[in-house]
Amino acid sequence: MKNKLYDIFHRLAAHFGPLHWWPAETPFEVVIGAFLTQNTAWRNVEQAIANLRQASALEPASLLALPRGLLETLIRPAGFFRQKAENLQSFAEILCHRYGGDLAALLAGDLDGVRGALLSLRGVGPETADAILLYAGKRPSFVVDAYTRRLFTRLGLLKGSEGYEAIRTLFMDNLPHEVDLFNEYHALIVEECKTFCRKGAPSCPPCPLLACCPYGQSAVAL
DNA sequence: ATCCGGGAAC
DNA sequence: GTTCCGGGAT
């Protein structure tokens, strides 16, 4: 084992197999999903994206052209629909007007520079920025989310009080900056936390990380 | 009836 | 710490 983060990755990969995220047909669809899934279960995002597909609004220009009220209606299942509609059209407007609708152009260049530019956009916080960079831009920026914090706190590798950047730095300082590795690792963390390391009723006995998890061992011992 | 979602802005 | 919001699970 090169280090604990590798060890955990391999245990998860052995159990769940290759996941090949993100579930989307185009890079811009990844961006839409990244906004829509903010504090929202993916199941609800799928319905919203299906509505956008039905309305042929999964490209920057067509999304931007939708009347705000219609867009709000289409993405309603994903919750927070007013702010998400505003943020999505704000992003689409910048993409269309400053980059000619070319997402790859927006995501090209110095990684930290592009990340900073994304973070300056309305409705783009650190997780959304990293998800866009990694899954839409294939840039090696590790994605941290509530699942990551919960899982690694239970594993004893975090105290639980660390901020986003500190957690991202932990992963980026201890793993090679490879897009495929970051892609799979985040996807595996999400699957692990949906399946076993749930918030309310974790399922520790069958968890693939039980052998290296102090939380799970104490839970099983009860 | 409450809780929780692949957060972000204020 | 609050607000923004819907939909399935408990």
Side-chain angles (χ1 to χ4, degrees), chain A residues 8-9 12 16 18-25 27-52 68-92 94 115-137 139 141-155 158 160-168 170-171 179 181-203 209:
Chain A
I8 290 162
F9 172 80
L12 291 174
F16 292 102
L19 299 177
H20 298 310
W21 265 23
W22 176 295
E25 294 184 10
F28 188 67
E29 197 179 314
V30 173
V31 173
I32 293 175
F35 276 96
L36 293 182
T37 198
Q38 289 170 0
N39 202 44
T40 300
W42 183 255
R43 131 192 339 276
N44 299 331
V45 175
E46 289 181 312
Q47 182 58 51
I49 290 183
N51 292 343
L52 291 173
R68 176 67 55 85
L70 174 55
L71 177 56
E72 290 178 350
T73 300
L74 294 172
I75 68 174
R76 189 173 199 119
F80 306 99
F81 58 88
R82 291 187 186 84
Q83 59 199 42
K84 287 176 180 176
E86 177 185 352
N87 296 340
L88 277 170
Q89 289 193 314
S90 170
F91 185 95
I94 289 166
R115 187 169 190 266
L118 286 171
L119 288 173
S120 74
L121 303 180
R122 179 97 195 164
V124 181
E127 180 182 344
T128 305
D130 290 327
I132 290 171
L133 284 166
L134 181 60
Y135 291 106
R139 307 295 306 267
S141 194
F142 201 90
V143 180
V144 174
D145 60 3
Y147 287 154
T148 311
R149 177 177 284 101
R150 182 168 79 230
L151 176 60
F152 286 86
T153 298
R154 286 176 175 170
L155 286 168
L158 292 174
S161 57
E162 294 89 346
Y164 186 99
E165 298 299 334
I167 299 175
R168 174 174 180 264
L170 170 70
F171 284 88
V179 170
L181 174 63
F182 286 4
N183 178 320
E184 283 297 320
Y185 209 155
H186 175 67
L188 287 166
I189 289 167
V190 172
E191 280 310 302
E192 158 66 19
C193 289
K194 282 185 184 175
T195 309
F196 300 107
C197 201
R198 296 187 298 265
K199 184 166 190 179
S203 180
L209 302 179

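Letters A, B, ... are given to chains in the order of the sequence lines, protein chains preceding strands, and every chain is numbered from 1.
In this structure, a donor-acceptor pair under 3.5 Å is absent between the side chains of A/N87 and A/S90. Judged by distance alone, the side chains of A/S141 and A/R168 do bring a donor and an acceptor atom under 3.5 Å apart. Side-chain N/O atoms of A/Y135 and A/D130 include no donor and acceptor closer than 3.5 Å.
The residue A/E127 sits close only to the backbone: its heavy atoms come under 4.0 Å of sugar-phosphate atoms, none of a base. Among the protein residues, A/V143 comes within range of no part of the nucleic acid, since none of its heavy atoms lies under 4.0 Å from any strand. Using a 4.0 Å heavy-atom criterion, one finds that A/R150 contacts the sugar-phosphate atoms exclusively. A/T128 comes within 4.0 angstrom of the backbone, heavy atoms only, and of no base. A/G125 comes within 4.0 angstrom of sugar-phosphate atoms only, judged by non-hydrogen atoms across all strands, and of no base. Using a 4.0 Å heavy-atom criterion, one finds that A/K194 contacts the bases of the nucleic acid, with or without backbone contacts as well. Contact annotation for A/L151: no contact, since no heavy-atom pair falls under 4.0 Å across all strands.
Comparing B/dA8, C/dG7, B/dG7 by their nearest atom to the side chain of A/P126 picks out B/dA8. Minimum atom distance to the side chain of A/F81 is reached by C/dG6, of the listed B/dG5, C/dG6, B/dA8. Counting only heavy atoms from C-beta on, A/R43 has its side chain closest to C/dG8 among C/dG7, C/dC5, C/dG8. Among the nucleotides B/dA8, C/dC5, B/dG5, the one closest to the side chain of A/R82 is C/dC5. Minimum atom distance to the side chain of A/R76 is reached by C/dG6, of the listed B/dG7, B/dG5, C/dG6. Listed nucleotides C/dG7, B/dA9, C/dC5 differ in distance to A/R122; the shortest reach to its side chain belongs to B/dA9. Among the nucleotides B/dG5, C/dG7, B/dG7, the one closest to the side chain of A/P77 is C/dG7.
The nucleotide C/dC5 finds its pairing partner in B/dG5, both defining distances of the Watson-Crick or G-U wobble pair being shorter than 3.5 Å.
Counting heavy atoms from C-beta outward, A/L170 and A/F142 have side chains that stay 4.5 Å or more apart.
Comparing C/dC5 with B/dA1, their P atoms sit 23 Å apart, to the nearest whole Å.
Using a 4.0 Å cut-off between a side-chain N of Lys or Arg and a carboxylate O of Asp or Glu, A/E127 and A/R149 do not qualify as a salt bridge.
Each of A/G79 and A/L121 has a nearest nucleotide on DNA chain B; the 5'-most of these lies closest to A/G79.
When the P atom of B/dA8 is taken as reference, atom CD of A/E86 falls 16 Å away, rounded to whole Å.
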